[in-house]
Amino acid sequence: MDEANMRVDRTSKSDSERRLSTLVRHLGASCSPSHTSISTERFENSKISLSPMAAFGSVFANVVQAPEDPILGVTVAYNKDPSPLKVNLGVGAYRTEEGKPLVLNVVKKAEQSLINDPSRFKEYLPITGLAEFNKLSAKLIFGADSPAIQENRVATVQCLSGTGSLRVGGEFLAKHYHERSIYIPVPTWGNHPKVFMMAGLKPMSYRYYDPSTRGLDFQGLVEDLNAAPEGSIVLLHACAHNPTGVDPTPEQWEQIRQLLRSRSLLPFFDSAYQGFASGSLDKDAHSVRLFVADGGELLMAQSYAKNMGLYGERVGALSIVCKSADVAGKVESQLKLVIRPMYSNPPLHGASIVATILRSPELYHEWTVELKAMADRIISMRQELFNALQAKGTPGDWSHIIKQIGMFTFTGLNKEQVAFMTREYHIYMTSDGRISMAGLNSKNLPQLADAIHAAVTTM
């Protein structure tokens, strides 16, 4: 080592010793008198003793590898496929005709207005969230003229999108409702049973989808809910049932309402697609408003992921319609106690975007136009896929594609056919045959039609 390097080495060592001495003095000063005799030498010569467990490897060594989420795992597999022909129809997010994610113009305008507002802050929201957002969200789903709103019988709290709203509602029920059983349609969104089980409820099931008709098993639904214990909770998809795209008719909804009310069953609505299913915000809220109009109680989980494209902002609300304003106030106070230890309070930005749009007549109108355009594109993809399969003479009745509604279509394809389409055509979907219509466009639709035809005729 040359002299210059030796000087640098000595200087570095000297600096290290000075820092160590300072640290020792600091530690000594903060200790009791009996411990102030600690020396630099003793400190330098001491060695950190290893935990007895360190010799045996990680304390988490027995943790097993968890399986991929059945829905999100589709995207994982898709991303690993090097084929330029690959198509992802598993993701529950809107895509443009070019296959790109979409940020609504009205959302961009709302965000820009927030940026330009010098009074904006980044302080914590209250536990219940942004008050204006809560008020406007309740009006959107229940209707501005709803008696429940006018009579202050609704307790609304901002939550982390639809999933968070379901979880908060589930935990509230587990603590304050006399019945733990929640009846969930078969099939349903894969996260529903997990959310409610983790919340402390007991997931049960009722028949919903009939594979033979690829439509609603209304008779099975009625029989199962008639057999449910009085007071049980019933999960209902407000519109655009996920994953089947099969909804009850208005007449069937009325029969479901009468059945639930006659047996004191508690409705818990999940509304993830208001306005996104039919293109009409009011039409897609019909089932919910039907139940509110009779004066009974219910829970409503609301999400702005799909209808405003705010997937990553995690914006949602939980509303509980009560019998009186007094009860609603008490319910809100208990919802705070659920939320506080869970995530303390919700995020500000996404709720501010929603409130900005809903409060402005101009922005609200622009939103409804963009929302209908998204819904119409999905409806047109349904028709084009049906036409393509008809033109090919694909065996079977495919009319369910145009009868179903919303983001998803339950194709009726089995696991083997789905695996075949992934292997031979690089088309990715959930193993139950659900496809996201929002992932289709004029370029990849012919490929899907070819794959379905081949799967049906060869498998």
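Within 6.0 Å of CZ on Arg120 lie more than 12 heavy atoms contributed by other residues, nucleotides or ligands. For Gln219, the CD atom counts as loosely surrounded, since its 6.0 Å shell holds 12 or fewer non-hydrogen atoms of other residues, nucleotides or ligands. The number of heavy-atom neighbours closer than 6.0 Å to NE2 of His176, taken from other residues, nucleotides and ligands shown, is above 12.
Arg340 and Ser344 form a side-chain donor-acceptor contact under 3.5 Å, judged by distance and modelled atom types alone. Residues Gln302 and Ser165 bring no donor and acceptor atom of their side chains to less than 3.5 Å of each other. Under 3.5 Å, the side chains of Thr430 and Asp432 contain a donor-acceptor pair of N or O atoms. Side-chain N/O atoms of His241 and Gln404 include no donor and acceptor closer than 3.5 Å. Judged purely by distance below 3.5 Å, without hydrogens or angles, the side chains of Arg434 and Asn242 pair a donor atom with an acceptor atom. A donor-acceptor pair shorter than 3.5 Å can be found between the side chains of Ser161 and Ser303.
With rounding to the nearest 0.5 angstrom, the CZ atom of Arg153 is 8.5 Å from the SG atom of Cys322. Considering CD1 of Ile357 and OG of Ser352, their distance stands at 11.0 Å, rounded to 0.5 Å. Here the CD atom belonging to Glu362 is positioned 10.0 Å from the NZ atom belonging to Lys109, to the nearest 0.5 angstrom. The distance from atom CD1 of Ile184 to atom CD1 of Ile233, rounded to the nearest 0.5 Å, is 9.5 Å. If you take OG on Ser278 and NE2 on His286, they are separated by 11.5 Å, rounding to the nearest 0.5 Å. Considering CE of Met381 and CD of Glu97, their distance stands at 5.5 Å, rounded to 0.5 Å.
Of the possible donor and acceptor atoms, none in the side chain of Asp224 sits under 3.5 Å from a partner among the backbone N and O of Leu221.
For the pair Lys86 and Tyr78, the cation sits on the ring face: its NZ or CZ lies under 6.0 Å from the ring centre, inside 45° of the axis.
Of all heavy-atom pairs between Ile401 and Arg382, the closest is O-NH1, 2.7 Å. Of all non-hydrogen atoms in Phe133 and Ala317, the two that sit nearest each other are CE2-CB, 4.0 Å. Pairing each heavy atom of Gly350 with each of Leu310, the nearest pair is O-CD1, 4.3 Å. Residues Gln150 and Ala144 approach most closely at NE2-O, 4.2 Å, considering heavy atoms.
Inter-residue side-chain proximity for Glu230 and Leu265 is flagged as unmet; no heavy-atom pair is nearer than 4.5 Å. You'll find the side chain of Val321 stays beyond 4.5 Å of the side chain of Met300, heavy atoms only. Side-chain contact between Asn88 and Val91 is present, with heavy atoms from C-beta onward closer than 4.5 Å.
Among the candidates Glu132, Glu313, Met308, the single residue satisfying the side chain to side chain contact (heavy atoms under 4.5 Å, CB included) test with Val354 is Met308.
In this structure, the ring of Phe218 has its center no less than 6.0 angstrom from the ring center of Tyr208.
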Residues 190-206, side-chain donor-acceptor partners within the protein, below 3.5 Å, at least two apart:
| from | atom 1 | to | atom 2 | distance (Å) |
| --- | --- | --- | --- | --- |
| His192 | ND1 | Thr188 | OG1 | 2.7 |
| His192 | NE2 | Asp270 | OD2 | 2.7 |
| Tyr206 | OH | Leu235 | O | 2.8 |

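The pair Asp282-Arg289 meets the salt-bridge criterion, with a side-chain N (NZ, NE, NH1 or NH2) lying under 4.0 Å from an Asp/Glu carboxylate O. Between Lys392 and Asp450 there is a salt bridge, since at least one side-chain N of the basic residue sits less than 4.0 Å from a carboxylate O of the acidic one. The residues Arg214 and Asp210 are annotated as not salt-bridged, no charged nitrogen and carboxylate oxygen being separated by less than 4.0 angstrom.
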Practice prompt. Take Leu281 and Leu371 through the side-chain contact (heavy atoms from CB on, under 4.5 Å) test and state the conclusion after the steps.
Written response: CA-CA 9 Å; Leu281 289 159; Leu371 182 55; 3.8 Å; yes
Worksheet item: Checking side chain to side chain donor-acceptor pair (under 3.5 Å) for the pair Ser324/Asp326: CA distance, chi angles, key distance, verdict?
Response: CA-CA 5 Å; Ser324 69; Asp326 178 61; 5.0 Å; no
Discussion item. Set out, in order, the CA-CA distance, both residues' side-chain angles and the distance that settles salt bridge (charged side-chain N to carboxylate O under 4.0 Å, His left out) for Lys100 and Glu98, then state yes or no.
Written reply: CA-CA 6 Å; Lys100 303 296 184 182; Glu98 294 71 37; over 6 Å; no
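Ring-plane geometry between Trp367 and Tyr364 is classed as perpendicular, the angle between the planes exceeding 60 degrees on a 0 to 90 degree scale with a lower cut at 30. Using cut-offs of 30° and 60° on the angle between ring planes, the pair Tyr273 and Phe408 is perpendicular.
For Tyr177, there are no ring-ring contact (aromatic ring centres under 6.0 Å, His included) partners, not counting sequence neighbours.
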